[in-house]
Number of protein chains: 2
Amino acid sequence: MPTREEAKAARREAIINAALRLMYARGDSGFSMRALAEAAGVSIATPYNLFGSKQAIMLAVLDTGMTLYEERLSRLEADELDIFFEAVSLAKDLYAEAPKFHQAVLFSAYGDGGRDYRAVFGDPRFLFWKMLVERAREAGFLDADIDPNAMALALSQQFFICILEWAYGEIELEELESRVHYTFALLLNGAATAAGSARLKPHLKVLQKHLTSLWPVSAPRTSAAASR
Amino acid sequence: MPTREEAKAARREAIINAALRLMYARGDSGFSMRALAEAAGVSIATPYNLFGSKQAIMLAVLDTGMTLYEERLSRLEADELDIFFEAVSLAKDLYAEAPKFHQAVLFSAYGDGGRDYRAVFGDPRFLFWKMLVERAREAGFLDADIDPNAMALALSQQFFICILEWAYGEIELEELESRVHYTFALLLNGAATAAGSARLKPHLKVLQKHLTSLWPVSAPRTSAAASR
DNA sequence: CAATAATTTATAACATGTTATAATCCAAAC
DNA sequence: GTTTGGATTATAACATGTTATAAATTATTG
């Protein structure tokens, strides 16, 4: 005799699990709410009662993935400068474990234009970047008068757009990592002290070389260029 | 007795115009294909014959706006460094003339995730930024070994994500401009020569001050932060 | 144990983008 | 001028996300 709240929680879980199962199976989020309800063993009305919309369900799925990422992130140890690049690579590694699945989650969670998306994805990450910026500044790698909010915003936005490009199938995982690394190095170097620049400048060259090596004629794949 | 092609072109135009009219009137793209067909005086099947999908119609509408922007852009005259910022402000000015309309166009055109979007929006702009980067490099403001493709990619992506944020109603036009200006300065300074840096560093401080002044408690509005 | 009230369920319905089909129209070809 | 064929039209249909409604279920309350 489960409590009412327990039963509700169980149904919630069943729905999320069914969504996960369907997405892993098909590799995309193209399941219908009717199919989801059937897979979860509930009525079509229940997902709406418990989550409100398909969007919200996708966000709940995304949220479970974020928890995993944040946990690994907290165990990351690196230099105040290297940590920026390590955090990016960590995300890439996580995505690489189940690329199709993550693409599907990210793609569909962003769906409506990402207003709620940000609550799960953008905002917590922004705070993380801000913390890293503050540390790098204290370590003397970044200019003292740089604003951590402004800098972190630029970083998280750049990360975000590259993830979006990958989720939309425009670029490969390797290029995702490379693009973010390169742009991070550029942004950080733009606000670096002499000490920071001394480390970032050489790094930047390596990163640029790697990034451009991914492009066929040394031009990035901005896709659909021929369709006009 | 109009030619068959003429009649087709006229219908095309009628549909685009109807779409424009509906979007200007309501300020969003929430019109149905049935409403569009009626407003254009054609059958519901015709827009599908001529464009293929609602997406494609939105892209055609976006395209007309892009033409205007590119025309003004080509008349822009400024220093090899200032031009970056002028081009951003020009877009802002254009959007300011009919903000609701442009938001609606951008929002809905990006709809599916922007695969085709890029053909109209991303790619032509990328080439423009690349040209500016090459000029700035030749003028001695940017490091000689910087790759114009890599740099232009970072710039256009940053511009793009900020426009998206505005289209999604996350930020105001003024913040759109300020964010892009700031990040452009950071990115450019990250690859600047001594001469370039001499001009960008002071500019960066001003831009950072302006950007942070737009935030209430000196924290950017990443929205929905309270909804978890 | 009986009454209550919260949830789920089954079901229908609606709006929407999109596709299919057959009838109709009309410029183009002869 | 008649025929032909490409395009549009009217219409129905489908899948989908979502909402509404009444009936059924079941933990909770007394």
Side-chain angles (χ1 to χ4, degrees), chain A residues 1-19 22-23 26 28-62 104-105 107-117, chain B residues 1-19 22-23 26 28-62 104-105 107-117:
Chain A
M1 56 196 128
T3 244
R4 260 211 243 277
E5 280 308 314
E6 284 169 357
K8 200 185 273 191
R11 260 173 296 228
R12 246 183 234 275
E13 203 180 337
I15 290 168
I16 300 282
N17 285 339
L22 287 173
M23 293 180 74
R26 300 198 17 171
D28 68 13
S29 58
F31 59 80
S32 72
M33 288 297 272
R34 289 166 178 85
L36 174 65
E38 192 178 7
V42 298
S43 138
I44 169 82
T46 300
Y48 287 100
N49 286 335
L50 296 179
F51 292 91
S53 68
K54 187 176 184 180
Q55 260 291 313
I57 292 170
M58 301 313 305
L59 288 170
V61 170
L62 177 64
V105 178
F107 183 93
S108 63
Y110 195 64
D112 73 329
R115 232 182 265 9
D116 307 293
Y117 191 89
Chain B
M1 55 194 131
T3 242
R4 258 211 244 277
E5 281 308 314
E6 284 169 354
K8 199 184 276 192
R11 253 164 289 190
R12 243 182 234 277
E13 203 180 339
I15 290 168
I16 299 282
N17 285 339
L22 287 172
M23 294 181 73
R26 300 201 16 174
D28 68 14
S29 59
F31 58 81
S32 72
M33 289 297 273
R34 290 168 178 84
L36 174 66
E38 191 178 8
V42 298
S43 137
I44 170 81
T46 300
Y48 287 99
N49 286 335
L50 295 179
F51 293 91
S53 68
K54 187 177 183 180
Q55 260 290 313
I57 292 169
M58 301 313 306
L59 289 170
V61 170
L62 178 64
V105 177
F107 183 94
S108 63
Y110 195 63
D112 74 327
R115 230 181 266 10
D116 308 294
Y117 191 90

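First the proteins, then the strands, lettered A, B, ... as listed; each starts at 1. Computed from a predicted structure; not experimentally measured.
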Quiz item: Tell me: CD of E5(B) to P of dA27(C), nearest whole Å?
Solution: 14 Å
Quiz prompt | Protein-nucleotide distance (E38(A), atom CD; dG17(D), atom P), rounded to Å | solution = 14 Å
Quiz item: How about D28(B) and M23(B): do any of their side-chain heavy atoms sit closer than 4.5 Å?
Solution: no
Quiz item: Between the side chain of S43(B) and the main-chain N/O of A45(B), is any donor-acceptor distance below 3.5 Å?
Solution: yes
Quiz item: Taking the side chain of S53(A) as its heavy atoms from C-beta onward, which of dG17(C), dT18(D), dT8(D) lies nearest to it?
Solution: dT18(D)
Quiz prompt | Side chain R4(A) and base dT8(C) donor-acceptor under 3.5 Å | solution = no
Quiz item: What's the closest nucleotide to the R34(A) side chain, out of dA20(C), dT18(C), dA13(C)?
Solution: dA13(C)
Quiz prompt | Whole-Å gap separating C1' (dT18(D)) and CD1 (I44(A)) | solution = 8 Å
Self-check item: Contact check, side chains of E38(A) and F31(A), non-hydrogen atoms, under 4.5 Å
Solution: no
Quiz item: Hey, what do you get for CD1 (I15(B)) to OH (Y48(B)), rounding to the nearest 0.5 Å?
Solution: 11.0 Å
Quiz prompt | Residue V42(B), side-chain atoms from C-beta onward, closest of dT9(D), dT7(C), dT8(C) | solution = dT9(D)
Quiz item: Between dG17(C), dT9(C), dT9(D), which nucleotide has the shortest distance from any of its atoms to the side chain of S43(B)?
Solution: dT9(D)
Exercise. Rounded to the nearest angstrom, tell me the gap between atom CZ in R11(B) and atom C1' in dT9(D).
Key: 10 Å
Practice problem: Specify the separation, in whole Å, of atom NZ of K8(B) and atom P of dT9(D). | Solution: 13 Å
Quiz item: Roughly, in whole Å, what's the span from CD1 in I15(B) to P in dT9(D)?
Solution: 8 Å
Exercise. Check whether any side-chain heavy atom of I16(B) lies under 4.5 Å from a side-chain heavy atom of F51(B), and answer yes or no.
Key: yes
Quiz prompt | Length of the line joining N49(B):CG and dT9(D):P, which is rounded to integer Å | solution = 9 Å
Quiz prompt | Nearest-Å distance for atom pair OH/C1', residues Y48(A) and dT8(C) | solution = 16 Å
Quiz prompt | Residue T3(A), side-chain atoms from C-beta onward, closest of dT9(C), dG17(C), dT28(D) | solution = dT28(D)
Quiz item: Which part of the nucleic acid, if any, lies within contact of I57(B), taking any heavy atom under 4.0 Å across all strands shown: a base, the sugar-phosphate backbone alone, or nothing?
Solution: nothing
Quiz item: Where the side chain of S32(B) is concerned, which of dT16(C), dA20(D), dG17(D) is the nearest nucleotide?
Solution: dT16(C)
Exercise. Between G30(B) and A45(B), name the one whose nearest nucleotide on DNA chain C is closer to the 5' end.
Key: G30(B)
